[in-house]
Amino acid sequence: MLVDEIICGIDEAGRGPLAGPVCAAAVILRAGRRIRGVADSKQLTERQREVLAPRIRARAVAWGVGWASVAEIDTLNIRQANFLAMRRAVEALATAPTHALVDGNDPPPLSCTVRCIVGGDALEPAISAASILAKTARDALMIALDLEYPGYGFASHKGYSVPAHLAALRRLGPSPIHRMSFRPVRECVRAA
């Protein structure tokens, strides 16, 4: 008896910021059933992503979110921490996939076969859905962390290296959620 292939899409959010964890999501969509409006999360407004995220969670066959902490990023490096978050997202799925479609060109080591697709978040609906779930989950966490670590502006820039964040980093020094392994954060510590 042939077993049907179960394909999940995987994407991450937060690989480049100076602060906060990296988040990955894995999504298995129903074959032939599109979710209207699902697209690359970077092409959507924050409001569109917030509307689509619960719709994706409700209509997907399965979805999972995985995280790698700032300590894991600093210990392992961002690439390995990203792989860890992706593996955790796949492990969080209620249905185990037989194949994963991953945005980018760097295949994570997973328990299923993997195919990387550069620009996959704009080409494959399951990757697009994963990009939306990862982005909304990470954004919500960074907004919450803005209350815990005021003055850095995490709610607005989500930890990315923008001028306002760099100025706050120079003024306040790093918070416990800053990635010390990232050069702009290390340089800020050296300058203090």
Side-chain angles (χ1 to χ4, degrees), residues 9-27 37-57 63-89 92 102-104 106 108 119-122 127-189:
I10 302 173
D11 201 4
E12 55 77 24
R15 189 172 174 144
L18 304 178
V22 65
C23 180
V27 177
V38 168
D40 174 6
S41 67
K42 294 181 289 297
Q43 304 303 317
L44 301 170
T45 66
E46 184 176 355
R47 177 70 186 131
Q48 288 171 318
R49 289 189 299 267
E50 291 297 329
V51 168
L52 285 167
R55 196 177 297 166
I56 292 165
R57 289 191 294 267
W63 62 273
V65 172
W67 300 86
S69 70
V70 171
E72 289 168 326
I73 292 168
D74 285 342
T75 301
L76 300 172
N77 74 42
I78 187 59
R79 179 177 181 257
Q80 294 304 318
N82 190 47
F83 286 168
L84 180 60
M86 288 181 173
R87 189 170 67 245
R88 288 172 173 164
V102 179
D103 184 49
D106 194 12
D121 47 1
I127 299 176
S128 300
S131 77
I132 292 166
L133 293 190
K135 176 80 171 131
T136 55
R138 188 176 188 284
D139 284 359
L141 178 65
M142 294 308 292
I143 290 167
L145 289 172
D146 184 62
L147 298 173
E148 196 170 333
Y149 303 104
Y152 294 97
F154 294 136
S156 63
H157 55 65
K158 313 303 188 279
Y160 282 90
S161 180
V162 299
H165 185 193
L166 293 172
L169 195 51
R170 284 189 296 273
R171 188 176 68 252
L172 302 171
S175 73
I177 64 162
H178 276 94
R179 300 172 181 180
M180 298 305 294
S181 59
F182 280 43
R183 186 180 335 137
V185 179
R186 282 195 318 269
E187 288 174 352
C188 187
V189 171

**Prompt:** Is a donor on one side and an acceptor on the other found under 3.5 Å between the side chain of His157 and the backbone of Tyr152?
**Reply:** yes
**Item:** Plane angle bin for Phe154 and His178 - parallel if under 30°, tilted between 30 and 60°, otherwise perpendicular
**Value:** tilted
**Nearest-0.5 Å distance, CZ of residue Arg57 to OG1 of residue Thr136** = 6.0 Å
**Minimum-distance pair of heavy atoms, taken over all atoms of Ile132 and Ala39** = CD1-O, 3.5 Å
**Asked** Is Pro108 close to Asn82 at the side-chain level, that is, under 4.5 Å between some pair of heavy atoms?
**Response** no
**Item:** Heavy-atom pair of closest approach, residues Ala92 and Gly64
**Value:** CB-CA, 3.9 Å
**Prompt:** Considering all heavy atoms of both residues, which atom of Tyr160 and which atom of Gly14 are nearest to each other, and what is their separation?
**Reply:** OH-N, 3.7 Å
**Item:** Approximate separation, where rounding is to 0.5 Å, of Glu46 CD and Ile143 CD1
**Value:** 5.5 Å
**Item:** Atom of Val70, atom of Pro176 and distance for their closest heavy-atom approach
**Value:** CG1-O, 4.4 Å
**Check: Gly120 main-chain N/O paired with Asp103 side-chain donor or acceptor under 3.5 Å** = yes
**Prompt:** In Å, rounded to the nearest 0.5 Å, how long is the span from NE2 of His165 to NZ of Lys158?
**Reply:** 12.5 Å
**Under 3.5 Å: donor-acceptor pair, side chain of Ser131, backbone of Ser41** = yes
**Prompt:** Could you give the distance from CZ (Arg15) to CD1 (Ile73), rounded to the nearest 0.5 Å?
**Reply:** 10.5 Å
**Message:** Exactly one of Arg87, Arg88, Arg179 should register a salt bridge (charged side-chain N to carboxylate O under 4.0 Å, His left out) with Glu72. Which one does?
**Reply:** Arg88
**Request:** Could you tell me whether a side-chain N or O of Arg138 sits under 3.5 Å from a main-chain N or O of Pro21, the two making a donor and an acceptor?
**Result:** yes
**Asked** Quick one: does Gln80's side chain have a donor or acceptor within less than 3.5 Å of a partner on Asn77's backbone?
**Response** no
**Message:** Tell me the closest heavy-atom pair linking Trp67 and Cys23, and the distance in Å.
**Reply:** CZ3-CB, 3.5 Å
**Complete:** Rounded to the nearest 0.5 Å, the CG atom of Leu133 sits from the OG atom of Ser128 at a distance of 11.0 Å
**Message:** Tell me the closest heavy-atom pair linking Gly151 and Ala168, and the distance in Å.
**Reply:** O-CB, 3.4 Å
**Message:** Within this structure, what is the CG-CD1 distance for the pair Leu18 and Ile177, rounded to the nearest 0.5 Å?
**Reply:** 11.0 Å
**Message:** With a 3.5 Å distance limit and no angle check, can you tell me whether Asp74 reaches the backbone of Met180 through a side-chain donor-acceptor pair?
**Reply:** yes
